[in-house]
Protein chains: 2
Amino acid sequence: MISVKQKIKVGILDDHHIVIQGVLSSLANNNSISVVSAATAKEYIEPELHLLDVILLDINLNDVDGVDLCKKYKSEFPNLKIICLTSFLQVSFIKAMLRNGADGYLFKNVATDELIEAIETTYKGKRYLGKEVNELLIKDGMETNKNRRSFIPKLTRREKEILALIIDEMTNQQIAEKLFISLSTVETHRMNLSAKLGAKNTAGMVRIAIKFGLA
Amino acid sequence: MISVKQKIKVGILDDHHIVIQGVLSSLANNNSISVVSAATAKEYIEPELHLLDVILLDINLNDVDGVDLCKKYKSEFPNLKIICLTSFLQVSFIKAMLRNGADGYLFKNVATDELIEAIETTYKGKRYLGKEVNELLIKDGMETNKNRRSFIPKLTRREKEILALIIDEMTNQQIAEKLFISLSTVETHRMNLSAKLGAKNTAGMVRIAIKFGLA
DNA sequence: TGAAAAACAGTGGTATACCACTAGAGCTAT
DNA sequence: ATAGCTCTAGTGGTATACCACTGTTTTTCA
């Protein structure tokens, strides 16, 4: 593929040099991502925020709360994608970050592949949650479900209907015929479902749906 | 689509006229399937077996055991596809029929769509089990699992590995790279998995795998 | 009753899965 | 040691899913 596409401009804000080093080396050989800014204190990176497509943000910065920072950055730069990269693997933190506009959430032991995928995915406007993060939310969702408060994404009636048919091995075409709607409509619903569930493809959608108890 | 393809030649053997009538009317308007033979006793249909692509076979024939019949027909006409169409929704019968070479198993309350799909699927050489049948086998598989005897399809080490990666939302390409094998190989494994699990697509594979406890 | 949400539908792609078929290499258990 | 798996890999195609983007109509409910 010969294309002169723009590299994704990434920034890092993290207390620990070692983390920054790790990310830099992970992304060094990647030709679709360039780290244009890295800092251990927010003062150093804030003047460059407007240049960034994606920022990797830690939660436990020594002087300020990353959760608040997330909200602040997101309101100042709505187009900036924020990926939380942290060692806090706690549902409360994850939910707080997502509520405050974070586009991704990764555990610090993330593999290079996943880091790259997270950056590319959020850059494209989709949410990306690390594997452990997803599992944690699902587990939490099932538990809190009984407590009337759940992280289970709210699906509309039609979406649930279509989700069930997808799990039932029907193709979009078959679903369209069954529900007397057009193929496009089914595809649209499917895209929305995929986004709401945070799935990357059919396999993920089915897995998440079943684990959420939606099937 | 303008094509002069051969219709699938189907036969029915069932005690009850009403069932035969139902199948005939279900398939009457279908232009890819033609019912060329229907009978309430085996003597009437056996001379025509060699003409058939697919036969719908009941289990509880008044004079003879359909399970044995299945084995007999299959050995005489290996290319004949046998779909068991019965009101016996019991695991023991289902297993017996499948052991004896049946290609499909449907409950008699089957919808027209599913009947057609079953015929087309088995005609193409794939196994087709009705929805209720599948669920029953899965449930049974999970229960008997504890008793050291299970209907869970035996997957090879590599197949399990690949199945897990599929459920983990990886594409064939990504799996190939991860396992250092070619895309073709992954596709082959995927096809085998799909067949072993009796799934029609990724969605089904994931659903069945999770319900079998393979994930 | 008016705004928001949901459902519907299209265009125009690209990526991926699905499928039938063949076939060699390596291992493995009677 | 040989028949039968398992794993590997290919060809060449078709079907389906994926995706961004835009827009209209219908329903819901504050």
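Naming convention: chains lettered A, B, ... in sequence-line order (proteins, then strands); numbering from 1 in each chain.
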Novice: Return whichever of B/K124 or B/R157 has its heavy-atom-nearest nucleotide of DNA chain C closer to the 5' end.
Specialist: B/K124

Novice: Between the axis at one end of the helix from C/dT1-D/dA30 to C/dT30-D/dA1 and the axis at the other (five pairs apiece), what's the angle to 10 degrees?
Specialist: 70°

Novice: Atom CD of B/Q173 to atom P of C/dT14: distance rounded to whole Å?
Specialist: 18 Å

Novice: Tell me whether the side-chain N/O atoms of A/S182 come closer than 4.0 Å to OP1 or OP2 in C/dA9.
Specialist: yes

Novice: Whole Å only: how far is the CG atom of B/L193 from the P atom of D/dT6?
Specialist: 12 Å

Novice: Taking CZ from B/R158 and C1' from C/dC27, how many angstroms apart are they, rounded to a whole number?
Specialist: 14 Å

Novice: When you check the phosphate oxygens OP1 and OP2 of D/dT8, does a side-chain N or O of B/T185 lie under 4.0 Å from one of them?
Specialist: no

Novice: Quick check for you: among D/dA20, D/dA17, D/dT8, whose closest atom lies nearest to any side-chain atom of A/N172?
Specialist: D/dA17

Novice: OP1 or OP2 of D/dC18 sitting under 4.0 Å from any side-chain N/O of A/T202?
Specialist: yes

Novice: C/dC19 P sits how many Å from B/N201 CG, rounded?
Specialist: 8 Å

Novice: Is A/K178 salt-bridged to A/D168, going by a charged N under 4.0 Å from an acidic O?
Specialist: no

Novice: Rounded to the nearest angstrom, tell me the gap between atom CD in A/E120 and atom P in D/dC19.
Specialist: 13 Å

Novice: For A/D58, is there any backbone N or O sitting under 3.5 Å from a side-chain donor or acceptor partner on A/D14?
Specialist: no

Novice: Whole Å only: how far is the CG atom of B/L183 from the P atom of D/dT8?
Specialist: 13 Å

Novice: Just to be sure I understand the rule, does B/H189 reach a base, reach only the sugar-phosphate, or reach nothing, if contact means heavy atoms closer than 4.0 Å?
Specialist: base

Novice: Under 4.0 Å between a side-chain nitrogen and a carboxylate oxygen: does that hold for B/R190 and B/E187?
Specialist: no

Novice: Nearest to the B/S184 side chain among C/dT11, D/dT6, D/dG10, which nucleotide is it?
Specialist: D/dG10

Novice: Looking only at side-chain N and O atoms, does B/T156 come under 4.0 Å of OP1 or OP2 in D/dC5?
Specialist: no

Novice: Is the closest side-chain donor-acceptor distance between A/Y73 and A/E46 under 3.5 Å?
Specialist: yes

Novice: Backbone N or O of B/S184 within a donor-acceptor pair of the B/S182 side chain at under 3.5 Å?
Specialist: yes

Novice: Donor-acceptor pair, distance only, cut-off 3.5 Å: does the side chain of A/N201 make one with the backbone of A/G204?
Specialist: yes

Novice: Side chain of A/D53, backbone of A/K9: donor and acceptor closer than 3.5 Å?
Specialist: yes

Novice: Any base atoms under 4.0 Å from B/T188, or only sugar-phosphate, or nothing? Heavy atoms, all strands.
Specialist: base

Novice: Would you kindly compare B/L179 and B/E187 by the position of their nearest DNA chain D nucleotide and give the one closer to the 5′ end?
Specialist: B/L179

Novice: Donor-acceptor pair, A/R207 side chain versus B/I167 backbone, under 3.5 Å?
Specialist: yes

Novice: Identify which nucleotide among D/dC19, C/dC18, C/dA7 has an atom closest to any side-chain atom of A/M191, counting heavy atoms from C-beta outward.
Specialist: D/dC19

Novice: Classify B/T171 by what it touches in the nucleic acid, base, sugar-phosphate, or nothing, heavy-atom distance under 4.0 Å.
Specialist: sugar-phosphate

Novice: Within this structure, what is the CD-to-P distance between B/E159 and D/dC5, rounded to whole angstrom?
Specialist: 13 Å

Novice: Without decimals, in angstroms, what is the distance between B/K200 NZ and C/dC19 C1'?
Specialist: 16 Å

